[in-house]
Each structure stands twice: as structure tokens, then as C-alpha cells.
Amino acid sequence: MSAADFSADDHNFMARALQLARRGINSCHPNPRVGCVLVKHGQIIGEGWHEKAGQAHAEVMALQHAGNEARGARAYVTLEPCSHYGRTPPCADSLIEHGITEVFIAMQDPNPLVAGQGIEKLRQSGIKVKNGLLQQQAIELNRGFVSRMECGRPWVTVKLGASLDGRTAMKSGESQWITGPQSRADVQKLRAASSAVVTGSGTVLADNPSLTVRLQGTTRQPLRVVMDSHLSIPDNAKILHDGYPLLIATATSEDDARFLELNNRNIDIRSFPGAKGRVDALSLLHCLADDYSCNEILVEAGSVVCGSLLANQLVDEIVLYLAPVVMGSAARGLFDLPGLDTMAQRIHLSVKDIRAVGQDWRFTVQPDYQYKTE
């Protein structure tokens, strides 16, 4: 349906539902972020959002909020109501049972277990259904879930902090801190919204990071993933001992002594052998989607890992924090991309957002792999 099929009030109510859905951005993994608004006589009588997997979905929360007033109301839902039994009963059934007369949906559910079946169930019960209201905003909110369902891999965001001359570390590897405290606090929000944070063994060796979320009120820690082709991660690495979720992805054989040692210590370790003795990143991404239900991953790694992902067209978005400092020509760059020798080989980027964060500037860009020169 087109925008002309919806009134200004319809847009406002769905915008409110999207606002509610964002409240679950850090907590509802691996489920999609969903909000619901119930309206009667032009007034909101019930609201809800999906907060945590296994708990009530947005529609049920809104129905509970509305109580007996729900009968005869319209529902504005950011994602097609589910039609199957999972950890909770079907939301489509709840809307039918409570006498909802019309349902406005932002986007169809890409999950093949739903994928139009919820809409069909509502229509068969006599409920009017209108789909596509603020659809792009809903897709953007759940781009990781859409990627997992449609592409079989998570949405991949690469986070980088760099100097004004594009350097991410000194020649020695020293990198703390290039950007300011406001940028580092902003990165915590990126981590909190991610299913997993991915780094390389080089970053572990140089910085010994924890890669945890340190926001007040954090209820979920993302999976940490270390891409360590030859299992060079040291035994004293913090990430091995803090008790938070961890996966080591290696190219080393499962029969390797170091592999067996880590495995015997109940450390989650898997082998993804790829070209040139490196981790096969695509296989890792498919595993993160299939076995760990990861919707969005945040890559915080060095130029080799980031360059390899970009060269293989596995980066969906880059978030670059640019600091007002200069580090010199001997310092390390953003991406290790050998083989780009001509202007025609450039990787083009579409700028989505630029804003100041403290004294730094944050650039959000998306690679345009299909870009064609005129």
C-alpha cells in the first residue's frame, strides 16, 4: 500500500509503535524489536513492546494495558503478528480473541514460520489488515533480523576509531585512546544493541580487551567472538576468564593440541578453515546466524580483519569515529586492502549520517558494492 492509503493519524500511531519497539533494542535478542499501539475513538488505549525473548510480545502487552477497552479497537503493529506457537502463543490469535477490528502493520515478518500467515489468519477472521505503513523505518529497526532470515547471516557493522589522517594505531600497535570519552561511551550503545562483538587475535594481543557492555542497567552481554586463525590467544587474556559468553573462531584443525586444550577447558571453540590459513569469515557469519541466532554483529578489530571483510563484501555498515589528531605516516591504517591499484577499483560508500560526538566526528556509511562508474 502507498502512503496515500494512510491518514496522518495512522502515521502518528505507527510512529509511536516504532518508538516503543526501540525500547527493546538492547534486550529482546534474538527476537525482532516490535511495538504495538491500540487505538479507539482516536485515542491510544493500550501500548506495548517486546522486551525480552520468552516474555510477552508487544501485542499481548498492549492488550493487557487496554484491558476490556480493547474490543472494537484498531491495532498498529511494527511487525506482522506471529501465527505460530513458539515460547509464547500466537499474537494473531490474541488480537482475534480480544475483538480487534483493524490491524495496521509496518512490515511483513521475514521469518518463514510467519511470512504472511499472520496477516492471512487475521483476514480470515474478518479483521481488516493494512500493510506497509512506515515500512522502511520498521525494516531499518530490524535490519539484523531481516538479514538473518533472508540472507542467512547477521548484519555486519564495522566500528573504527581513527585520527584525522586515517590512522587507527601507532606503528607499535598503541591505540588507547585515539578518540574522546564521548565517542567511547557511544560505542557502548553499539555494543549493547549487538548480538555479538567480533575482534581479531591481533587486537587481543595488543589491547587485551574485555569487549563487554558497561552501560548502567545492562541486562545482557553480547557474545564475544575472537577470530584467531592460529590460536595465538594467550592464556592470560581477560576474555578467557571473565565468564561472559565467548566463541573462538579458528582455522586450526580440531585435532590440534591447542584446540583440544581450549575445548577441554569448556571454551566454545570452532574451526572455520579458509584460504591462506585464515578463518573463513562467511562460514563464521552463517554459524553465528544459525547456531547463535545473531541478528547484528559489531566488528571491533584491526585493519586485516576489517579489510578482509570489506574485500569480501561482508560489511553492511561502517561507523567511523574521527578524532582531531594526527598520528603520522608510520601509523596503521583503517583497512588492509592489497590489490586496489586503480581509481576504478575504489570501494564506494554511501553516507548515511554525520554528527559530532564530543570533540570527534562520527561517520555512518554503507558500502555500495554495486556502484558503477559512468
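Starting from 1, each residue takes its place in the sequence as its number. Keep in mind that this is a model prediction, so the values were computed, not measured. Values below: all heavy atoms of this structure, side chains included; hydrogens, waters and symmetry mates excluded.
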Salt bridge (charged side-chain N to carboxylate O under 4.0 Å, His left out) between Arg33 and Glu296, intermediate numbers included: CA-CA 12 Å; Arg33 299 135 182 174; Glu296 289 133 342; 2.8 Å; yes
Test side-chain contact (heavy atoms from CB on, under 4.5 Å) applied to Thr364 and Ile318, step by step: CA-CA 6 Å; Thr364 303; Ile318 300 167; over 6 Å; no
Step-by-step side-chain contact (heavy atoms from CB on, under 4.5 Å) determination, Leu247 to Leu223: CA-CA 7 Å; Leu247 167 66; Leu223 173 70; 4.2 Å; yes
Derivation of the salt bridge (charged side-chain N to carboxylate O under 4.0 Å, His left out) call for Asp316 and Arg153: CA-CA 11 Å; Asp316 298 303; Arg153 70 165 181 83; 2.9 Å; yes
Derivation of the side-chain contact (heavy atoms from CB on, under 4.5 Å) call for Ile105 and Val103: CA-CA 6 Å; Ile105 297 169; Val103 178; 3.7 Å; yes
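In this structure, Lys121 pairs ionically with Asp93, as a charged nitrogen and a carboxylate oxygen lie closer than 4.0 Å. Taking a cutoff of 4.0 Å between a charged side-chain nitrogen and a carboxylate oxygen, Asp186 and Lys159 do not qualify as a salt bridge. Under a 4.0 Å N-O distance rule, the pair Arg191/Glu300 qualifies as a salt bridge. A salt bridge between Arg258 and Glu261 is present, with a side-chain N of the basic residue lying under 4.0 Å from a carboxylate O of the acidic one. Between Asp290 and Arg148 no salt bridge is recorded (no basic side-chain N to carboxylate O distance below 4.0 Å). With salt bridges taken as basic N to acidic carboxylate O contacts below 4.0 Å, none links Lys130 and Glu80.
Paired with Arg224 under the rule side-chain contact (heavy atoms from CB on, under 4.5 Å), one option of Val204, Asp242, Thr199, Ile248 passes, and it is Asp242.
The side-chain hydrogen bond (donor to acceptor under 3.5 Å, both in side chains) contacts involving residues 94-105 comprise nothing, where partners must be two or more places apart or lie in separate chains. For residues 44-66, the set of pairs meeting the salt bridge (Lys or Arg N to Asp or Glu O under 4.0 Å) definition, not counting sequence neighbours, comprises Arg16-Glu47.
Between the Thr168 side chain and the Gly333 main chain, a donor and an acceptor come within less than 3.5 Å of each other. Of the possible polar contacts, none joining the Gln19 side chain to the Ala15 backbone as a donor-acceptor pair under 3.5 Å is found. Between the Gln221 side chain and the Val213 main chain, a donor and an acceptor come within less than 3.5 Å of each other. Within the 3.5 Å criterion, the main-chain N or O of Ser183 finds no donor-acceptor partner in the side chain of Thr179. Side chain of Arg346 to backbone of Met343: a donor-acceptor contact under 3.5 angstrom is found. Side-chain N or O atoms of Asp109 include one that pairs as donor or acceptor with a backbone N or O of Asn111 at under 3.5 Å. A donor-acceptor pair under 3.5 Å is absent between the side-chain atoms of His348 and the main chain of Tyr369, judged by distance alone. No donor-acceptor pair closer than 3.5 Å links the side chain of Asn142 to the backbone N or O of Phe145.
In this structure the side chain of Phe259 reaches within 4.5 angstrom of the side chain of Ile269, judged on heavy atoms. In this structure, Met227 and Ser201 have side chains that are not in contact, with every pair of non-hydrogen atoms separated by 4.5 Å or more. The closest side-chain heavy-atom distance from Val279 to Val305 is not below 4.5 Å. Counting only heavy atoms from C-beta outward, the side chains of Val299 and Thr157 never approach each other to under 4.5 Å. Looking at Glu317 and Val156, their side chains never come closer than 4.5 Å, going by heavy atoms from C-beta outward. With a 4.5 Å cut-off on side-chain heavy atoms, Val319 and Val158 do not count as touching. The side-chain heavy atoms of Ile239 and Ser210, taken from C-beta on, include no pair separated by under 4.5 Å. Two residues are said to be in side-chain contact when any heavy atoms from C-beta on lie closer than 4.5 Å; Leu314 and Leu282 meet this criterion.
Sparse packing is recorded around CE of Met61, with 12 or fewer heavy atoms of other residues, nucleotides or ligands lying under 6.0 Å away. Other residues, nucleotides and ligands contribute only 12 or fewer heavy atoms inside 6.0 Å of the CH2 atom of Trp49. By the neighbour-count criterion of 12 heavy atoms within 6.0 Å, atom CZ of Phe363 is densely surrounded, having more than that number from other residues, nucleotides or ligands. In the displayed structure, Lys189 atom NZ is contacted under 6.0 Å by at most 12 heavy atoms of other residues, nucleotides or ligands. Applying the 6.0 Å contact sphere to CD of Gln359 captures no more than 12 heavy atoms from other residues, nucleotides or ligands.
Leu215 and Ala192 get closest at one heavy-atom pair: CD1-CB, 3.9 Å. Smallest separation of non-hydrogen atoms from Leu79 and Pro32: CD2-CG, 3.5 Å. Between Ser194 and Pro222 the shortest heavy-atom distance is O-CB, 3.4 Å. Asn236 approaches Asn208 most closely through the heavy-atom pair O-ND2, 4.2 Å. Across Val77 and Met14, no two heavy atoms sit closer than the pair O-CE, 3.5 Å. Closest heavy-atom contact between Leu160 and Cys306: CD2-SG, 4.0 Å.
Side-chain atoms of Thr250 and Asp228 include no donor-acceptor pair closer than 3.5 Å. When only modelled atom types and interatomic distance are considered, Asn295 and His29 share no side-chain donor-acceptor pair under 3.5 Å. Between the side chains of Glu140 and Gln136, no donor N or O sits under 3.5 Å from an acceptor N or O.
A single hydrophobic cluster is not seen to contain both Leu340 and Val304; linkage of ILVMFWY side chains at heavy-atom distances under 4.5 Å, directly or through other members, places them apart.
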Tabulate below the donor-acceptor pairs under 3.5 Å that side-chain atoms of residues 34-46 make, not counting sequence neighbours, or state none.
from: Lys40; atom 1: NZ; to: Glu69; atom 2: O; distance (Å): 3.1
from: Lys40; atom 1: NZ; to: Arg71; atom 2: O; distance (Å): 2.7

Quick one: side chains of residues 322-331, donor-acceptor pairs under 3.5 Å with protein atoms, not counting sequence neighbours, listed by atom name and distance.
none

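Taking Arg355 as the reference, Asp353 meet the salt bridge (charged side-chain N to carboxylate O under 4.0 Å, His left out) condition, with sequence neighbours excluded. Take Asp10 and apply the side chain to side chain contact (heavy atoms under 4.5 Å, CB included) test, not counting sequence neighbours, and it matches Phe6, Ser7, Arg74, Tyr76, Phe104, Leu133.
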